[in-house]
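A, B, ... follow the sequence lines: proteins, then strands. Residue 1 opens every chain.
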Number of protein chains: 2
Amino acid sequence: MFSTLFQTLKEKIALSEEAHAKLPQFFEHKTLAKKEFLLQEGAYCKQLAFVSKGLLKSYTIDEKGQEHISLLAWEGWWVSDFKSFICDEKAILFIDAVEASEVLLITHENYELMLKEIPEMERYFRILYQNSLVTKDRRLISSNSYTAEEKYKHLLELYPFIGKQVPQNLIASFLGITPETLSRIKKTML
Amino acid sequence: MFSTLFQTLKEKIALSEEAHAKLPQFFEHKTLAKKEFLLQEGAYCKQLAFVSKGLLKSYTIDEKGQEHISLLAWEGWWVSDFKSFICDEKAILFIDAVEASEVLLITHENYELMLKEIPEMERYFRILYQNSLVTKDRRLISSNSYTAEEKYKHLLELYPFIGKQVPQNLIASFLGITPETLSRIKKTML
DNA sequence: GCTGTGCATTGATATAGATCAAGAGTCTTA
DNA sequence: TAAGACTCTTGATCTATATCAATGCACAGC
């Protein structure tokens with residue numbers, strides 16, 4: 001149940017035996033059916049989720065009812081409305097399962113506790129956030145400077161498998177373009 | 001010279017006397033004239049910079065020669081091409097001073113050393129990155145979902161003073177719109 | 001196996017914002 | 001203080017992408 005988590009941690013830090021043994025107690029396991037919500041806008045995001053299996057998406061919904069995906073979270077990713085999770089504010093994000101998934105949940109109190117008791121985790125999250133920051137920066141540049149086609153190509157370079165695993169309309173939403181535009185782009189790229 | 005840095009740190013963590021005394025040795029002070037570069041694309045970003053005075057901007061330049069600002073870094077902000085700084089890759093960002101500024105520079109080796117020797121700093125950067133991640137996330141949502149006018153209003157809410165301190169064309173570039181469009185938006189908003 | 005619901009494609013049209021261009025205002029610096 | 005160099009504004013187009021609409025396809029549930 002925790003193997004994906006340990007696997008993922010190992011890529012960035014070395015965990016002591018002790019830390020290894022301590023870690024699970026902070027988390028709670030949960031199974032999500034396809035389309036099941038982990039969080040809805042307006043709620044308080046009580047937990048940070050680690051995706052141990054499947055695929056989740058986090059998104060906002062605008063006044064016109066349109067979905068805007070901010071994150072596609074695969075196995076090994078963390079997902080949450082961080083602002084809400086950290087600052088105890090109302091969430092602006094929805095989070096749900098794109099396909100049947102499994103997550104490990106940690107509450108804010110447990111998160112802080114874990115960081116204190118296992119200094120390796122403090123380090124892990126500093127590195128994780130540091131890397132995420134880089135990724136988000138590049139995405140922001142892409143989003144502000146590129147044409148729709150360039151954005152799509154850029155995405156394919158980063159995640160070559162994305163076309164196979166994720167429906168077109170979700171990819172379009174993630175890129176901030178319409179499914180129609182993405183469909184037309186794909187046609188010209190053949 | 002370090003007062004802005006200590007001030008900034010104090011907002012997130014408590015520094016021990018010892019840490020307080022140790023910290024300065026990791027940094028190097030530098031004065032930047034207006035328009036002076038801290039980093040240019042293609043170079044290796046050897047340092048992370050803390051802005052102790054003034055205003056810097058980080059940006060990319062596309063094939064058409066157009067500037068796309070990814071960050072406006074005021075007093076109290078950190079700026080660098082993180083990907084380059086962390087992974088020792090060639091930088092894709094330019095960083096220069098919008099106005100005469102002062103920065104504290106730390107090399108990658110010193111950064112890692114500092115994080116090891118002063119655990120409070122490990123915590124500081126984890127919190128800093130965590131918060132930045134939230135900010136970037138919102139900016140990404142804004143960038144993908146909002147109209148030019150909404151983006152501008154959103155920016156004014158976050159940084160009400162930005163209009164006074166930063167030239168229009170830089171704000172436009174930061175928002176990913178043209179100066180002309182921003183000018184027209186301002187007219188309709190009066 | 002049939003039926004409905006959601007996803008992808010394609011076409012026609014609309015539109016936000018870019019681009020191009022010119023002029024006025026305002027800093028800089030020599 | 002004068003000259004040049006930016007910066008902002010305004011107007012006239014142009015274009016990438018959204019929107020609206022219709023059809024075909026595929027998979028999930030009965």
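- For DNA chain C, the outermost nucleotides in 5' to 3' order that have an atom under 4.0 Å from a heavy atom of chain A are dA8(C) to dA12(C).
- Within the nucleic acid shown, Leu182(B) has no heavy atom closer than 4.0 Å to any nucleic acid atom.
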Pairs of donor and acceptor atoms involving the side chains of residues 169-178 of chain B, under 3.5 Å and at least two apart or interchain, shall be tabulated with distances.
unit_1: Ser173(B); atom_1: OG; unit_2: Glu67(B); atom_2: O; d: 3.2
unit_1: Ser173(B); atom_1: OG; unit_2: Ile69(B); atom_2: N; d: 2.9
unit_1: Thr178(B); atom_1: OG1; unit_2: Thr181(B); atom_2: N; d: 3.3
unit_1: Thr178(B); atom_1: OG1; unit_2: Thr181(B); atom_2: OG1; d: 2.9

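- Under the side-chain hydrogen bond (donor to acceptor under 3.5 Å, both in side chains) criterion, Glu102(B) pairs with His29(B), not counting sequence neighbours.
- Think of Ile92(A) as one node in a network of Ile, Leu, Val, Met, Phe, Trp and Tyr side chains linked at under 4.5 Å; its network also takes in Leu93(A), Ile141(B).
- Between Arg184(B) and Leu170(B), the residue anchored nearer the 5' end of DNA chain D, judged by the nucleotide with its closest heavy atom, is Leu170(B).
- Listed by chain and residue number, nothing satisfies the side-chain hydrogen bond (donor to acceptor under 3.5 Å, both in side chains) test with Ser80(B) (two or more places apart in sequence, or in another chain).
- Between the two ends of the helix from dG1(C)-dC30(D) to dA22(C)-dT9(D), each summarised by a five-pair axis, the helix axis turns through 40° (rounded to 10 degrees).
- The aromatic rings of Trp78(A) and Tyr124(A) lie tilted to each other, with the angle between the two planes from 30° to 60°.
- Residues meeting the side-chain hydrogen bond (donor to acceptor under 3.5 Å, both in side chains) test with Glu180(A), sequence neighbours left out: none.
- The span of DNA chain D lying next to chain B, judged by atoms under 4.0 Å from heavy atoms, is bounded 5' to 3' by dT7(D) to dA12(D).
- For Arg126(A), the side-chain hydrogen bond (donor to acceptor under 3.5 Å, both in side chains) partners are Gln130(A), Glu122(B), not counting sequence neighbours.
- Residues from residues 141-169 of chain A with heavy atoms under 4.0 angstrom of DNA chain C, sorted by number: Pro167(A), Gln168(A), Asn169(A).
- Nearest-nucleotide positions on DNA chain D for Lys35(B) and Glu180(B) put Lys35(B) closer to the 5' end.
- Heavy atoms of other residues, nucleotides or ligands lying less than 6.0 angstrom from NZ of Lys53(B) number 12 at most.
- In summary, the side chains of Asp88(B) and His108(B) do not present any donor paired with an acceptor at a separation below 3.5 Å, with no hydrogens or angles considered.
- Looking at Ser143(A) and Asn144(B), their side chains do bring a donor and an acceptor atom within 3.5 Å of each other.
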Which pairs would a plain distance check flag for residues 2-12 of chain B, meaning a side-chain donor or acceptor within less than 3.5 Å of a matching protein atom at least two apart in sequence or in another chain?
unit_1: Thr4(B); atom_1: OG1; unit_2: Ser52(B); atom_2: O; d: 3.3
unit_1: Thr8(B); atom_1: OG1; unit_2: Thr4(B); atom_2: O; d: 2.7

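- Linking Ile, Leu, Val, Met, Phe, Trp and Tyr whenever their side-chain heavy atoms come within less than 4.5 Å puts Phe82(B) and Phe26(B) in one cluster.
- Of the two residues near DNA chain C, Gly176(B) and Lys34(B), the one whose nearest nucleotide lies more 5' is Gly176(B).
- In terms of the side chain to side chain contact (heavy atoms under 4.5 Å, CB included) criterion, residue partners of Gln40(B) (sequence neighbours excluded) are, by chain and number, Phe37(B), Phe94(B).
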